[in-house]
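First up is the structure itself, then whatever we jot down about it.
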Amino acid sequence: MAGYDVVTFGETMIRFSTAPGERLETATTVEIGIGGAESNVAVALARLGRRVAWASVLPRNPFGARIAGELRRHGVDTTHIHWVDQGRAGVYYLDTGAAPRPTQVLYDRAGSAIAVCNPEDIDPALATRGRLLHLTGITPALSPSCAEITRRLLTAGTAAGIPVSIDVNYRSRLWTPKAAAETLAPLCSEATILFCGRNDAGTLWGLSGSDEEVARGLAERFDPAVTVLTAGADGALALTRDGTIYREPAVPVDVIDRVGAGDAFAAGFLHGYLDGDVELGLRLGVRLAALKMTVRGDLAVLSDDDIAACLADAGSSHTIVR
């Protein structure tokens, strides 16, 4: 029997962000938090009551302790972290914007402990201990060793018949569209669930047209059981292998912080999928993404009441189990 509902692997960084109205250039104080695509998903799922394990490589220093401690506080199992005595945690800085000035992100993650790790640091058998393995396209971009760990986890998971979700999550600051498309294509071809943003589908694989046409283009190229296309303010859709299409409009929201909304969406979708309901997953994903945007920071720190209302609005009979 699987020990976890979801297993995931990736980098989590320390986040330094300015208060609204402040600029990094002149700010005298910043807010400290953590953020990483895979751990953001893990936290949201844990707060939904799922059993989640997050694996990574962290340095034995205050930043490494901050990352692991915060994830544990939200219910994520961190016992599969590989700790190193030397090295650094990745950092990113958020220059918080307000319309018409966009929020800007400055990364300082090159040479982080996970980027320079040995592929042997993470046991690929971990992939077989969950009901589902979740990976993103960010991690393979960090270094050849991270790409190798991602491939090993994927191979172990698929060999054991474990469903795999892949979130393309293209980051232009990490690699070129050509490099990303070439590296991610074989991973996407092994995906059970493929998450892709409309813009990423165009940037990496030249897909255009209506959202349905873009989703069908991804499905024809990679043949996942479920293709999930996110389109920001236009909502999201899911296309199953039998040709069924589900659509869900975006939920109106007063945005506080957009960072992490896509990860909250993925968590909501996976929560529904694990209950065998793609349509519920789509509805829940859109609603969790909206709720996340009302919270500062990367993490979807939502109360039980928030989540219960979200589940009820999405039409779920699932209850949170602590």
Side-chain angles (χ1 to χ4, degrees), residues 2-14 34-46 50-59 64 67-68 70-72 74-84 87-90 109 112-160 162-171 174-175 180 183-184 186-188 190-195 260 262-263 266-267 270 274 298-299:
Y4 306 102
D5 291 307
V6 176
V7 169
T8 189
F9 163 75
E11 179 176 41
T12 296
M13 296 173 287
I14 296 293
I34 68 169
E38 299 84 4
S39 57
N40 294 347
V41 172
V43 166
L45 282 167
R50 295 294 184 182
R51 300 161 299 156
V52 189
W54 174 79
S56 191
V57 181
L58 289 176
I67 291 167
E70 190 153 349
L71 295 181
R72 282 195 300 271
H74 292 292
V76 176
D77 187 325
T78 60
T79 57
H80 302 284
I81 293 171
H82 179 80
W83 293 93
V84 294
R88 61 187 293 267
R109 68 197 303 181
S112 64
I114 191 172
V116 300
C117 71
N118 187 314
E120 303 300 324
D121 291 343
I122 301 296
D123 183 0
L126 175 62
T128 68
R129 296 186 57 186
R131 293 175 56 200
L132 183 140
L133 172 67
H134 179 68
L135 301 168
T136 81
I138 295 174
T139 306
L142 300 178
S143 68
S145 59
C146 284
E148 178 61 22
I149 293 171
T150 302
R151 283 192 292 269
R152 291 183 182 187
L153 287 166
L154 180 64
T155 298
T158 54
I162 304 297
V164 179
S165 68
I166 304 278
D167 190 343
V168 171
N169 233 331
Y170 173 64
R171 293 291 184 268
L174 293 176
W175 51 358
T183 300
L184 295 181
L187 304 181
C188 293
E190 296 292 331
T192 310
I193 305 164
L194 178 63
F195 294 100
D263 304 320
L270 294 177
L274 287 167
D298 275 56
L299 304 180

For [Y], does its backbone N or O pair with a side-chain atom of [X] as donor and acceptor, under 3.5 Å?
{"X": "Ser39", "Y": "Gly36", "result": "yes"}
{"X": "Ser112", "Y": "Ala89", "result": "no"}
{"X": "Asp298", "Y": "Gly260", "result": "no"}
{"X": "Thr8", "Y": "Leu135", "result": "no"}

- Item | Pair His80 + Tyr4: ring centers closer than 6.0 Å |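 Yes: the rings meet the under 6.0 Å criterion.
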
Min side-chain heavy-atom separation [X]-[Y] under 4.5 Å:
{"X": "Ser165", "Y": "Leu270", "value": "yes"}
{"X": "Leu132", "Y": "Leu274", "value": "yes"}
{"X": "Leu299", "Y": "His74", "value": "yes"}
{"X": "Leu153", "Y": "Thr150", "value": "no"}
{"X": "Phe9", "Y": "Thr139", "value": "yes"}
{"X": "Thr158", "Y": "Thr192", "value": "no"}

My understanding is that only residues two or more places apart in sequence, or in another chain, count here; which of them pass side-chain hydrogen bond (donor to acceptor under 3.5 Å, both in side chains) with [X]?
{"X": "Thr136", "answer": "Glu38"}
{"X": "Arg109", "answer": "Glu11"}
{"X": "Ser143", "answer": "Ser145"}

- Query: Would Ile166 and Ile193 count as a side chain to side chain contact (heavy atoms under 4.5 Å, CB included) if you check the C-alpha gap in whole Å, the side-chain angles of each, and the deciding distance to 0.1 Å?
  - Reply: CA-CA 6 Å; Ile166 304 278; Ile193 305 164; over 6 Å; no

- Item | Salt bridge present between Glu190 and Arg151 (N-O < 4.0 angstrom) |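 So Glu190 does not pair with Arg151 through a salt bridge.
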
Taking every non-hydrogen atom, the tightest pair across [X] and [Y]:
{"X": "Leu187", "Y": "Pro140", "answer": "CD1-CG, 3.9 Å"}
{"X": "Thr128", "Y": "Ala156", "answer": "CG2-O, 3.8 Å"}
{"X": "Ala42", "Y": "Val52", "answer": "CB-CG1, 3.5 Å"}
{"X": "Ala68", "Y": "Thr78", "answer": "O-CG2, 3.9 Å"}
{"X": "Val76", "Y": "Ala46", "answer": "CG2-CB, 4.0 Å"}

To the nearest 0.5 Å, what is the distance between [atom1] on [X] and [atom2] on [Y]?
{"X": "Asp5", "Y": "Leu45", "atom1": "CG", "atom2": "CG", "result": "8.0 Å"}
{"X": "Ile67", "Y": "Ile81", "atom1": "CD1", "atom2": "CD1", "result": "8.5 Å"}
{"X": "Cys188", "Y": "Leu194", "atom1": "SG", "atom2": "CG", "result": "5.0 Å"}
{"X": "Asp121", "Y": "Ile149", "atom1": "CG", "atom2": "CD1", "result": "6.5 Å"}
{"X": "Glu148", "Y": "Asn118", "atom1": "CD", "atom2": "CG", "result": "10.0 Å"}
{"X": "Trp175", "Y": "Thr183", "atom1": "CH2", "atom2": "OG1", "result": "4.5 Å"}

- Message: As a test of understanding, state which of Ile114, Ile138, Val116, Ile122 forms a side-chain contact (heavy atoms from CB on, under 4.5 Å) with Cys146.
- Response: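 For Cys146, the side-chain contact (heavy atoms from CB on, under 4.5 Å) check succeeds only for Ile114.
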
- Task: Give the C-alpha distance, both sets of side-chain angles, the deciding distance and a yes or no for side chain to side chain contact (heavy atoms under 4.5 Å, CB included) between Glu120 and Arg152.
- Result: CA-CA 10 Å; Glu120 303 300 324; Arg152 291 183 182 187; 2.9 Å; yes

- Message: Could you walk me through whether Arg50 and Arg131 satisfy the side chain to side chain contact (heavy atoms under 4.5 Å, CB included) test, starting with their C-alpha distance in whole Å, then the side-chain angles of each, then the deciding distance to 0.1 Å, before giving a yes or no?
- Response: CA-CA 11 Å; Arg50 295 294 184 182; Arg131 293 175 56 200; 3.6 Å; yes

- Determine, stepwise, if the pair Asp77 / Arg51 fulfils side chain to side chain contact (heavy atoms under 4.5 Å, CB included). CA-CA 8 Å; Asp77 187 325; Arg51 300 161 299 156; over 6 Å; no

